Amino acid sequence: MNGVVSFCFDDGFAASTRTTRRIFDELGAKATFAALAAPGGSVDPAHQGAAFVDWGWWRETVAAGHEVAPH
């Protein structure tokens, strides 16, 4: 791969976050994810009732070489 492209994926919604990591893993690329520390405490209507990945999944993501940063 030539060059660098930067994307940041926010919040940690379960379906899109898992799909994003799978695609990046298949391409041999690394992603940066911005995780909500306590999504259940968010007042954002988009977060209400949404499914989020858990901290075990985030630890696996870091172990796979991706970056996880606080949102």
Side-chain angles (χ1 to χ4, degrees):
M1 196 186 258
N2 293 327
V4 174
V5 176
S6 177
F7 293 98
C8 183
F9 300 95
D10 283 347
D11 298 340
F13 292 106
S16 61
T17 301
R18 287 185 178 115
T19 299
T20 299
R21 185 178 129 194
R22 180 184 50 78
I23 291 168
F24 272 69
D25 287 344
E26 289 172 0
L27 294 171
K30 301 303 175 197
T32 298
F33 297 91
L36 292 173
S42 174
V43 296
D44 186 328
H47 298 153
Q48 303 304 306
F52 292 87
V53 294
D54 61 25
W55 286 105
W57 191 90
W58 287 125
R59 285 187 288 278
E60 292 170 10
T61 298
V62 170
H66 302 283
E67 180 180 24
V68 176
H71 190 295

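All of these numbers come straight from a predicted model, not from anything done at the bench.
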- Query: Do you know the tightest heavy-atom contact between A34 and P70?
  - Reply: CB-O, 4.4 Å
- Task: Find the distance between CZ (F33) and CG (D10) and round it off to the nearest 0.5 Å.
- Result: 11.0 Å
- Message: Quick check against the 3.5 Å criterion: does Q48 have a side-chain atom that pairs as donor or acceptor with the backbone of S42?
- Response: yes
- Task: Show your reasoning for whether side-chain contact (heavy atoms from CB on, under 4.5 Å) applies to W58 and T17.
- Result: CA-CA 10 Å; W58 287 125; T17 301; 3.8 Å; yes
- Of all pairs that satisfy salt bridge (charged side-chain N to carboxylate O under 4.0 Å, His left out), the ones with a partner from residues 26-51, not counting sequence neighbours: R22-E26
- Query: Within a strict 4.5 Å, meaning less than it, do heavy atoms of the F24 and F9 side chains meet?
  - Reply: yes
- Task: Specify the closest pair of heavy atoms between P39 and H47, including all atoms of both residues, with the distance to one decimal.
- Result: O-CB, 4.4 Å
- Query: What closest approach, in Å, do A35 and W55 show between heavy atoms, and which atom pair accounts for it?
  - Reply: CB-CH2, 4.4 Å
- Query: Cluster partners of F52, using ILVMFWY side-chain heavy atoms under 4.5 angstrom, listed by chain and number?
  - Reply: F13, L36
- Could you tell me whether a side-chain N or O of H66 sits under 3.5 Å from a main-chain N or O of A31, the two making a donor and an acceptor? yes
- Compare every heavy atom of A14 with every heavy atom of V53, then report the nearest pair and how far apart it is. CG1-CA, 3.8 Å
